[in-house]
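A short write-up of the structure that comes next.
As the structure lists them, so they are numbered: ligands from 1, and atoms in each ligand from 1.
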Amino acid sequence: MKDRTQLELWLVTGSQHLYGPDALAQVASNSQEVANALNHSRSIPAKVVFKRVGETPESIRSICMEANDSQSCIGLVVWCHTFSPAKMWIGGLSLLNKPLLHLHTQFHRDLPWNAIDMDYMNLHQSAHGDREFGFMCARMRLERKVVVGHWQDSEVHERIGAWTRAAKGWHSIQGAKVVRIGDNMREVSVTEGDKVGAESRFGFSVNGYGVGDLVEFVNGQMDSDVDALCAEYEDEYELVEALKRGGKRRESLRDGARIELGLRAFLKDTNASAFTTTFEDLRGLKQLPGLSVQRLMRDGYGFGAEGDWKTAALVYLMKVMGEDLDEGTSFMEDYTYHLHPEGTKVLGSHMLEICPTIAAEKPKLEIHPLGIGGKEDPVRLVFDVAPGPAINAVIVDLGNRFRLVVNDVDVVEPDEPLPNLPVARAVWEPRPDFKTSAASWMYAGGSHHPVFSKSLDAEAMEDLASIAGIEMVHIGADSSLSELRKELRLNESFYHVNRGFSFAG
Ligand code: MN
């Protein structure tokens, strides 16, 4: 996948020429120090570069145009060290098409009570410089994140870090290709949607291919490569007896490996970042792709089953957002419930396609029948997911707009082992409680295909929704059903008239 280590955040510092060259030089050198500190923060997964001081309408406009043009700039961080009359920012900000974070900080943490004089106050006046800038952002109805606090505070780094992940995901989804192998599972509603609307809103394209295009790549693989990949499986996973060398079902493992090699070659050929399959369109493939999809997700590809292109794109996006973190992200499905009054739990899984980046232990490589699709038994990785906080997130198409729905959940140990369940699975307790969560999710129209992530939290998703300019409904510890229903009704009217509120001079 693409190298994202060179992506940059640009720190731009607001000031004005009236302070004179000495003060502006001091502003620039302090800004350089702030940028260096943010650049070294482990919470911020991008290079932080001090660009320059914006001191006139012309210089601000040229910085914003440079940011728009730059392939490496994923967003602007603006801080007004001094007063910076904000009419100077109108021209630049109205052109800016990169995500914006307003960092409200101050160079010195502590007030020098004894030494403070008028010069000090004039140089360190973000307290009102940033309020002037904040007014203009509000006046222009700009989507942005406001982060408040001293630049050496690790909590401030975390707030910037969450937004940086969203900005990185946003950058990566621009121009990304989602390929659909086959169409939608017949008659399913929530996996459908407006692909043209999605491309203009999110920047990724969605195009369809016949399964025959994939089959050609699968059939073209060499036996020696198939055997080499089977050896790789032996190193990485615990194989059941039947799949080991000389085992009764070894040929099925080889079929699975051939599908993986073909799928990889197909995705490379189409320059895809995400893909969908559907079990209703598998002509020419021996098995429903299971193991191969699991391993491609592990390598950063987005995936959605049954033609679910919105989820495929979101899996890819969220994998980029969390790629610097240890825990993983996977395609998921709310599958079945434990409705015990003393601890209701959700068992999440899918027919096959769960990403091993969320596995608690070395996955087992198994083969079992699949009662759907009418194909040979598919090989798949089976594992549990370790306890801990996670989120489920989906994008749905409401006809006139997209909505992101996010629910905080806690993964728990299964009450008992699940020796007869032949798929990877996670067991979780949703917040604030099962009944509120499930009802909220359904009032919000959330699909049964969430993206499950142990690496991201609701904050990063809220930052993403803000950058994308879409609605987000968050179901968390403080959610109540009546508030949520009110929010949905209010959002309905807000998003209907939003265009009229937007900056239009
Ligand atoms: Mn499904």
Side-chain donor-acceptor contact under 3.5 Å, E158 with S43: no

Set of salt bridge (Lys or Arg N to Asp or Glu O under 4.0 Å) partners for E280, sequence neighbours left out: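 Counting only residues at least two positions away or on another chain, E280 forms a salt bridge (Lys or Arg N to Asp or Glu O under 4.0 Å) with R186.
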
Check: F275 ring centroid to F303 ring centroid under 6.0 Å: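 Yes, close enough.
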
The Mn ion (ligand 1) - closest N/O/S atom in E333: OE2

Closest approach to the Mn ion (ligand 1) by E306, given as the N, O or S atom name: OE1

N, O or S atom of H448 closer to the Mn ion (ligand 1) than 2.8 Å: no

Sole candidate of D415, T344, V427 that passes side chain to side chain contact (heavy atoms under 4.5 Å, CB included) when paired with H338: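 Exactly one candidate clears the test, D415.
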
